[in-house]
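Contents: one structure, followed by commentary.
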Amino acid sequence: MSRVIRITDFHAPELDVYARLREIQLLNRHEPEKGIFIAESPRVIERALDAGCMPLSFLAEERYLEKEAKELLAEYKEIPVYTADMEVLVQITGYKLTRGMLCAMRRPAQRTAEEVCTDARRIAVLENVVNPTNVGAVFRSAAALNMDAVLLTPDCSDPLYRRSIRVSMGTVFQIPWAYLDGRDVWPRKGMALFRKLGFRTVAMALTEDSVSIDDPQLLSEEKLAVILGTEGDGLAESTISDCDYRVRIPMAHGVDSLNVAAASAVAFWVLGKK
């Protein structure tokens, strides 16, 4: 078993990374190589470890040390394991822990957009999606429904925020992703990159010239970049005008649109078929 340290005080400094550092502090934009994220539940932690992420410490409810967490912790005997009763853990998270375990991990090295797209056939692009729940849900759909990579514009929520990781069920560690760095990159340079790599671009948008998502010509394209917009306003007009296709999901009962997470699942199911 790893070195186990029992915590009885919510204010113990060992808990700072879990309880008192804000997401933006964990991200550490000035020194990204020192950035940290928090993974929750043994299954999600295992997926992060399988992806090569390095653990810094574990925090687990005591009764789980001989249950779900036992096998996982046995592989990391040199990593400290902080343990506490549920009453202390609830103060940290504000709710009952999923499967009783958290892990602080070093952020993986950032990849470039070109790196994650080079061998891809279908990619998802998120434009200014700021809700971490939606980002996590999109990643889960992308991983499950044959997207090869996910790209995010600079103002998107971080996929490694705790809520995003949790909602994605750890699929943020299973599908390649990268930011389109720099606010001058999107959409002009981003679109140029897609063209360079042979992608046709798809704007998920309700416009007069939009085609149905099951349009035969669209489905016949070899490589597609499927672009989804922010929760409120959708895609920017400049993005829509730069895309090769404007695409809609047919609706019934007078409904005009879906939440971005729901729309992504439909789009990836139709366009990701191989």
Quick check: do [X] and [Y] have side-chain heavy atoms less than 4.5 Å from each other?
X: L228; Y: V129; value: no
X: S57; Y: Y18; value: yes
X: S164; Y: S157; value: yes
X: Q217; Y: Y245; value: yes
X: L102; Y: R162; value: yes
X: R188; Y: D242; value: no
X: L49; Y: L72; value: yes
X: W186; Y: V125; value: yes

Under 4.5 Å between side-chain heavy atoms, hopping through other hydrophobics if needed: is there a path connecting [X] to [Y]?
X: V135; Y: Y161; answer: no
X: L152; Y: L235; answer: no
X: V260; Y: Y179; answer: yes

Exercise. Residues in ring pair (Phe, Tyr, Trp, His ring centres under 6.0 Å) with F199, at least two apart?
Worked result: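 None.
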
Does atom [atom1] of [X] have more than 12 heavy-atom neighbours from other groups under 6.0 Å away?
X: D9; atom1: CG; answer: yes
X: R107; atom1: CZ; answer: yes
X: M251; atom1: CE; answer: yes
X: Q110; atom1: CD; answer: no

Please round to the nearest 0.5 Å and tell me the distance separating atom [atom1] of [X] and atom [atom2] of [Y].
X: I36; Y: N28; atom1: CD1; atom2: CG; result: 8.0 Å
X: K189; Y: L180; atom1: NZ; atom2: CG; result: 12.0 Å
X: T83; Y: I7; atom1: OG1; atom2: CD1; result: 9.0 Å
X: D155; Y: L126; atom1: CG; atom2: CG; result: 12.5 Å
X: W269; Y: L145; atom1: CH2; atom2: CG; result: 7.5 Å
X: R47; Y: I45; atom1: CZ; atom2: CD1; result: 12.5 Å

Minimum heavy-atom separation for [X] to [Y], with atom names?
X: R106; Y: K34; value: NH1-O, 2.7 Å
X: L197; Y: K223; value: O-NZ, 2.6 Å
X: M101; Y: P42; value: SD-CG, 4.0 Å
X: C243; Y: I227; value: SG-CD1, 3.6 Å
X: V172; Y: P159; value: CG1-O, 3.7 Å

Heavy-atom donor-acceptor pair, [X] side chain to [Y] backbone, under 3.5 Å:
X: R43; Y: G170; value: no
X: S264; Y: A261; value: yes
X: S241; Y: E237; value: yes
X: R122; Y: A149; value: no
X: R121; Y: L224; value: no
X: E114; Y: L193; value: no
X: T201; Y: A225; value: no
X: T230; Y: D233; value: no

For this session: Determine the interplanar angle of the Y76 and F58 rings, folded into 0 to 90°, and report it as parallel if under 30°, tilted if 30 to 60°, perpendicular if over 60°.
Result: tilted

Problem set entry | Electrostatic pair R163-E23, nearest N-O below 4.0 angstrom |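 No salt bridge links R163 with E23.
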
Exercise. Could you give all pairs that pass the salt bridge (Lys or Arg N to Asp or Glu O under 4.0 Å) test and reach residues 201-211, with sequence neighbours left out?
Worked result: D209-R246

